[in-house]
Amino acid sequence: MDFSRHPLCALGVASALGIVHGATGTAAAPARMMEADLLAALRRGGLLVRWRDAVAGGPLLTPSAAATLPDLLEDLARATERTLAAGERPLVLGGDHSIAAGTWRGVARWCRRQGTEAGLIWVDAHLDAHTPATTPSGNCHGMPLAALLGEGGGAWAGHAGAVLDPRRVCVVGAHSFEAAESALLARHGVRVFALEEVRRRGLAEVWAEALAIAGTPFGVSLDLDVLDSALAPAVSTPAGPGLAPAELVAVWRGLLRRPDLLGLEIVEYHPGRDRDGATLAAVEALLDAASRQVSE
Ligand SMILES: [Mn+2]
């Protein structure tokens with residue numbers, strides 16, 4: 001199956017339900033992205049993209065006062081599964097990173113029905129591999145990767161089983177995490193390309209290895225806090241020094257043109273913290289690069 005021929009369907013998740021202590025501004029991110037016509041960057045690159053339509057419940061998934069995080073995640077899982085079943089690819093725009101536990105659950109369900117599995121590249125300053133037993137903050141946006149590997153998700157995500165094959169999961173850019181998280185990922189054999197390794201080897205070489213681990217087909221989950229806080233400040237949990245947007249732009253060139261890219265998720269944008277739109281401009285540059293045709 002050549003996913004590069006599938007139009008993108010953008011789904012905003014206007015939620016900060018995964019952050020109980022701390023900044024909750026991520027709920028405003030998808031509306032800000034719509035207002036800024038973020039998808040124009042993809043259209044300029046020649047890709048077909050639309051916001052999810054009203055028939056499917058509108059472009060934004062917004063938790064109502066009564067909605068719990070497990071309800072929201074199941075709604076999102078159904079949405080990404082249906083998107084793929086309809087011959088489109090999900091572009092999920094967060095929202096805090098806890099939504100990844102829904103995004104990739106839906107993608108994985110669709111893949112299994114096709115007799116395949118999804119790989120995943122997790123680009124993040126953090127490991128997001130806490131469980132309710134190890135988290136110092138109690139924030140679920142620090143737990144989704146563990147939940148996708150079948151650890152601790154039953155307690156907060158409403159799904160206890162493993163969603164992903166850890167041999168096809170890797171993390172790129174991490175530099176701020178606790179020992180319990182690296183121990184959990186090591187136990188599952190998940191390859192972590194820490195920021196220090198990226199610095200030593202260069203992102204191009206690391207990204208090529210990450211693609212090889214993720215295999216075919218695969219998805220990418222980008223937490224914007226992997227970007228250097230001085231250059232892209234508008235995130236829930238700024239982590240200080242990180243990747244320059246230009247470094248990531250260079251390796252993302254043609255990403256959405258790959259035949260094996262199932263979907264893309266971009267999370268943790270906190271519009272109230274942006275400075276002169278620098279963070280949103282970085283997202284636009286990434287989408288522009290990802291939409292470009294790359295000659296082999
Ligand atoms: Mn994250």
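Just so you know, ligand 1 is whichever comes first in the structure, and atom 1 is the first atom listed for that ligand. What's counted below: heavy atoms across the whole structure, side chains too, no hydrogens, waters or symmetry copies.
Electrostatic pairing of Glu197 and Arg191 counts as a salt bridge here, judged by a charged N lying under 4.0 Å from a carboxylate O. Look at Glu117 and Arg168 and you find no salt bridge, because none of the NZ, NE, NH1 or NH2 atoms lies under 4.0 Å from a carboxylate O.
Among the atoms of His126, no N, O or S atom is found under 2.8 Å from the Mn ion (ligand 1). Taking 2.8 Å as the threshold, Glu268 does not count as a candidate ligand of the Mn ion (ligand 1), since none of its N, O or S atoms lies below it. Because the distance cut-off is set at 2.8 Å, Asp225 fails to qualify as a neighbour of the Mn ion (ligand 1), as none of its N, O or S atoms comes that close.
Judged by the 6.0 Å and 45° rule, Arg5 forms no cation-pi pair with Phe3.
Leu120 and Val192 fall within a single hydrophobic cluster, where Ile, Leu, Val, Met, Phe, Trp and Tyr are joined by side-chain heavy atoms under 4.5 Å apart, directly or via other members.
Rounding to 10°, one obtains 80° for the angle at the Mn ion (ligand 1) between OD2 (Asp124) and OD2 (Asp128). When OD2 of Asp223 and ND1 of His97 are joined through the Mn ion (ligand 1), the resulting angle is 90° to the nearest 10°.
Checked against a 6.0 Å centroid threshold, the rings of Trp122 and His97 count as neighbours.
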